[in-house]
Structure formats: structure tokens, C-alpha cells
Amino acid sequence: MNKLVKLLLRWKLLAVLIVVAGFVIGRLLGRLIPAPIIIALFVFLFLIALFFYFFSDRILLRWYHAKELNDENSPLYKITQRLAKNVGIQVPKVFIVHSAMPNAFSIGRNAHAGIVLTDALIDLLDDEEIEAVIAHEIVHVRNGDVFISTIVAVLSGILTAFATFAFWLSIFTGFGQEEDPAPNIIKFFFSSLLSPISAFFVHIFVHRSREFIADEQSVQIHGKTHKLISALEKIERELREHTHEINPAHAHLFIINPLHENEIELLDFHLPNYNALFQTHPKTQERIERLKRIGEKEGEEKKEKEEIMTKEMREKPKKRLKIRKHLFFSLLAYILVLFFIIVIDTFERKDFDFRRAAAISFIYLLTLSFIFSVVWSVLRAKLNECSR
């Protein structure tokens with residue numbers, strides 16, 4: 001609750017939006033809908049919230065077909081048990097995912113957390129590097145990062161999954177095959193509608209600094225800075241050389257973001273794939289440089305070097321991540337939705353009413369402009385932090 005209050009205070013515009021929207025919706029619902037229906041609606045939303053609170057971790061485990069490691073004599077379990085005891089938390093469950101992507105993430109509520117490792121990660125790293133990765137994830141558990149990030153991954157992941165659902169639905173209903181333009185245009189349309197909103201919620205609740213904190217504090221636990229550095233370098237190299245398909249709204253869960261920012265080519269047009277909007281991690285090289293500084297000698301010399309590095313980072317020109325193209329196509333998609341609304345309204349009334357269509361368009365575009373200004377401000381600020 002305290003985290004939510006801090007976020008609302010930090011993003012004052014979002015707080016004002018929520019208060020105003022809540023007031024307006026409350027007034028409208030009070031006039032248009034009977035009180036028992038409103039009460040039933042809030043009870044339903046409360047039950048949905050409870051469902052996500054208790055079952056978000058299970059949803060993600062099923063999503064990735066994760067299998068729990070039940071062997072207490074396994075080296076992975078022993079490492080997790082030892083590290084958990086060192087930081088004074090309940091031992092998280094360990095899950096294995098069969099995947100060619102070398103990565104790891106942590107999920108669940110603090111007292112019921114789990115650490116998920118892919119078998120490709122286990123094959124790629126040596127025992128001490130795996131220990132460094134597990135220590136990183138245990139710090140996330142101890143710091144309370146996993147609860148919010150798990151719920152956000154499920155909620156935002158459901159939004160972005162609609163694009164894939166629409167893609168396969170279009171194929172099964174006869175719009176073409178996987179390589180044909182029509183299903184891919186439909187998928188891009190839904191991606192452009194839902195990805196900015198999904199990314200907005202991810203960035204509101206997930207901050208890049210948590211990765212720096214987990215890196216630094218995990219080194220204090222396992223005491224081998226060079227092993228975490230080598231693990232990050234190996235994972236980064238593998239992820240850069242190969243493309244792995246995951247739900248973009250889950251990228252913040254992983255120790256390193258596996259998404260590539262390649263464009264989509266449809267009908268000779270180069271379109272954005274919206275993966276860039278889900279960049280919540282700092283650059284891996286920046287994380288490695290910080291870890292190398294931690295491995296240097298303690299004392300005034302280290303402090304002086306950190307001050308020099310901080311000054312250099314401030315003076316270094318920031319690289320701006322371009323997201324105008326992404327939001328431009330999203331805006332076009334929402335305008336197309338407006339067109340469909342007017343067409344459906346006209347068919348229902350069996351007559352085109354210009355004033356009614358103009359009123360609908362005005363309210364729709366005014367609301368859309370306000371929402372897009374908020375989404376644009378948050379995404380631009382957050383993504384520019386991650387693209388330094």
C-alpha cells in the first residue's frame with residue numbers, strides 16, 4: 001500500500017487522472033445504473049483482485065510450463081536453501097522451465113515465492129555463476145520486488161496476449177496462413193492498440209533501479225562479483241545472438257531482457273514490433289561496470305572513483321529512445337476503432353446522424369488525447385532512463 005501511495009505521489013498527473021475519472025464514472029454510474037448492480041460490480045472486481053493476488057504466480061508457472069524441483073539433495077536446491085538462510089527469508093521453491101532461452105526470474109508473494117530457471121541457463125553457466133544468479137533473484141524476493149512484478153506481468157501479459165489470440169483466431173477463421181499479410185496485420189493492429197497501455201502499467205510499477213540494487217546486494221551474499229559479471233556477460237551474449245519469443249509484458253521479470261527491437265515488414269512497410277516499449281532493465285554493460293566498481297578496493301579511493309564515474313555519467317549525453325513511430329501507429333489504430341464505433345452506431349440506428357457522430361468523435365478524441373499524453377509522458381521518461 002505504501003508503494004502505491006508513493007507512486008501516486010510521484011506521478012501526480014496519474015493521481016489526478018484516477019481521482020477525476022473515478023468521480024466522473026461514479027456520477028455517471030449513479031445516474032445510469034441501479035445501486036445493486038454497482039455494488040455487484042465492485043464485489044466482482046474485488047473477487048478478481050483476490051484471484052490475481054493469490055493465483056498470479058500459478059498462472060505464470062503454467063504459462064511457462066514450469067516444473068517444481070522437489071529433490072532436496074539437488075545442488076540447485078541446496079544453493080537456494082543456503083542463500084535464503086543467509087538473508088533470513090523462507091526458502092523459495094525452485095522451478096525449471098524447458099526453454100532454449102538462458103534466463104531466470106522470481107515470482108510470487110514474499111512468503112510464497114519461487115525462483116524459475118531455464119534449463120538453457122543451467123547448461124550455459126557453471127555452478128558459481130548459477131549461484132550468483134540465484135542470489136540475485138533471492139534479493140528480489142527479500143526486497144519485496146516479486147509480488148508487484150508478478151501481478152503486473154499477469155495483467156499486462158493478458159492485454160498483450162490478445163494480439164497473439166487475434167492472430168491465431170484470424171487464421172482459424174480463414175483469413176490466411178501464418179506468413180500471409182492479413183493475420184499479421186490483425187496482430188499488429190491489436191498490438192498497436194494494447195501494447196502502449198500494457199507497457200504503461202509495467203513502467204508505473206517496475207523501476208530499473210531494482211536491478212542495480214539486486215546486483216549489488218547479491219554480491220554481498222555470495223561474495224563473488226566476477227561470477228555475477230561473467231553470468232551476465234554469457235546471458236547477454238546468448239540473448240543478443242538468438243531471438244526468443246516471449247510475452248513482451250513479462251520481460252521485466254527476467255534477469256536480462258530477452259526482447260529484440262527488430263521491425264516488422266508487412267506489405268513492404270517497416271512497422272515497429274513494440275518490444276522497445278517494454279525495456280525496464282538498465283543496459284547490461286552499465287550493470288557490469290557498476291559491479292566492477294564494487295569489486296575494487298574499499299575506502300576513499302573507491303569513493304573518489306565512484307564520484308568521478310557519476311560525474312561522467314551526468315555529463316555524458318543521453319541517448320533518446322525513439323517511440324514516436326510506435327505511438328503514431330497506436331493512434332492510427334485507435335482512430336480506426338472510432339470509425340468502427342460510428343459505423344456500428346449508424347447501422348444500429350439505420351441512419352447517419354452527423355451531429356451524433358461529431359459528438360461521439362469529439363468525446364472520444366478528447367479522452368484519447370488526454371490518455372495518450374499521460375502514456376507518452378510516462379513511457380518517454382522511463383524509456384529514456386533505460387536507454388542511457
Side-chain angles (χ1 to χ4, degrees), residues 4-29 32 41 45 48-49 52 148 151-163 166 187-207 247-249 251-252 271-280 320-345 356-386:
L4 181 60
V5 172
K6 288 179 181 178
L7 286 167
L8 291 178
L9 289 175
R10 183 174 179 182
W11 300 100
K12 297 179 179 64
L13 187 59
L14 177 63
V16 171
L17 172 64
I18 291 173
V19 172
V20 172
F23 176 78
V24 172
I25 292 172
R27 297 279 296 192
L28 289 174
L29 290 178
L32 300 176
L41 177 63
L45 292 175
I48 290 292
F52 281 110
I148 294 295
I151 293 178
V152 170
V154 174
L155 293 175
S156 297
I158 290 173
L159 284 178
T160 52
F162 272 110
K187 182 179 180 180
F188 177 76
F189 173 74
F190 278 92
S191 294
S192 60
L193 281 177
L194 300 171
S195 291
I197 305 300
S198 177
F200 171 80
F201 286 115
V202 169
H203 284 287
I204 283 293
F205 292 101
V206 179
H207 198 276
N247 189 305
H252 66 277
L271 306 175
N273 67 357
Y274 288 92
N275 286 346
L277 299 186
F278 294 90
Q279 177 59 262
T280 58
R320 296 287 179 179
L321 189 65
K322 297 178 181 179
I323 59 172
R324 293 182 179 179
K325 189 174 183 179
H326 302 76
L327 295 186
F328 170 74
F329 282 104
S330 293
L331 186 60
L332 287 182
Y334 276 100
I335 291 175
L336 187 59
V337 170
L338 172 61
F339 172 76
F340 288 141
I341 291 172
I342 293 175
V343 169
I344 292 170
D345 181 69
R356 181 180 175 85
I360 292 173
S361 300
F362 176 77
I363 295 171
Y364 181 91
L365 293 175
L366 185 65
T367 306
L368 184 65
S369 300
F370 183 69
I371 293 173
F372 257 73
S373 64
V374 176
V375 172
W376 162 263
S377 300
V378 172
L379 291 183
R380 184 177 60 176
K382 291 287 191 175
L383 291 171
N384 284 331
E385 282 183 6
C386 296

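Counting only distance, with no hydrogens or angles, the side chain of H203 and the backbone of V375 share no donor-acceptor pair below 3.5 Å.
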(message) Run F200 and V374 through side chain to side chain contact (heavy atoms under 4.5 Å, CB included) and show every step you take.
(response) CA-CA 9 Å; F200 171 80; V374 176; 3.9 Å; yes

(message) Let's go through I158 and F52 carefully: what are the C-alpha distance in whole Å and the side-chain angles of both, what is the deciding distance for side chain to side chain contact (heavy atoms under 4.5 Å, CB included) to 0.1 Å, and is it a yes or a no?
(response) CA-CA 12 Å; I158 290 173; F52 281 110; 4.0 Å; yes

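For S191, there are no side-chain hydrogen bond (donor to acceptor under 3.5 Å, both in side chains) partners at least two apart in sequence or on another chain. By the ring-ring contact (aromatic ring centres under 6.0 Å, His included) test, F201 pairs with no residue at all, sequence neighbours left out. Qualifying side-chain contact (heavy atoms from CB on, under 4.5 Å) partners for A49, counting only residues two or more places apart in sequence or in other chains: none. F339 pairs by the side-chain contact (heavy atoms from CB on, under 4.5 Å) definition with L336, V343, not counting sequence neighbours. Not a single ring-ring contact (aromatic ring centres under 6.0 Å, His included) links H252 to another residue, sequence neighbours left out.
Across all their heavy atoms, V206 and K382 have their closest contact at O-NZ, 4.3 Å. Annotation for P196 and S192: closest pair CD-O, 3.4 Å, computed over non-hydrogen atoms. Minimum interatomic distance between A249 and V202 (heavy atoms only, all atoms of both residues): O-CG2, 4.2 Å. Here the closest heavy-atom approach between residue A333 and residue F189 is recorded as O-CE1, 3.6 Å.
For the atom pair CG of L338 and CD1 of I342, the computed distance is 4.0 Å after rounding to the nearest 0.5 Å. Going from atom CZ of F188 over to atom OG of S195 covers 9.0 Å, rounded to the nearest 0.5 Å. The distance from atom CD1 of I197 to atom CG of L277, rounded to the nearest 0.5 Å, is 10.5 Å. Distance check, rounded to the nearest 0.5 Å: CG of L379 to CZ of F278 gives 9.0 Å. Annotation: the span from F328 atom CZ to F372 atom CZ amounts to 11.0 Å, rounded to 0.5 Å. Distance check: F190 CZ to K187 NZ gives 13.0 Å after rounding to the nearest 0.5 Å.
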What side-chain donor-acceptor pairs closer than 3.5 Å can you find for residues 362-371, not counting sequence neighbours?
{"from": "Y364", "atom 1": "OH", "to": "Y334", "atom 2": "O", "distance (Å)": "2.6"}
{"from": "T367", "atom 1": "OG1", "to": "I363", "atom 2": "O", "distance (Å)": "2.8"}
{"from": "S369", "atom 1": "OG", "to": "L365", "atom 2": "O", "distance (Å)": "2.7"}

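No side-chain donor-acceptor contact under 3.5 Å links Y274 and T160.
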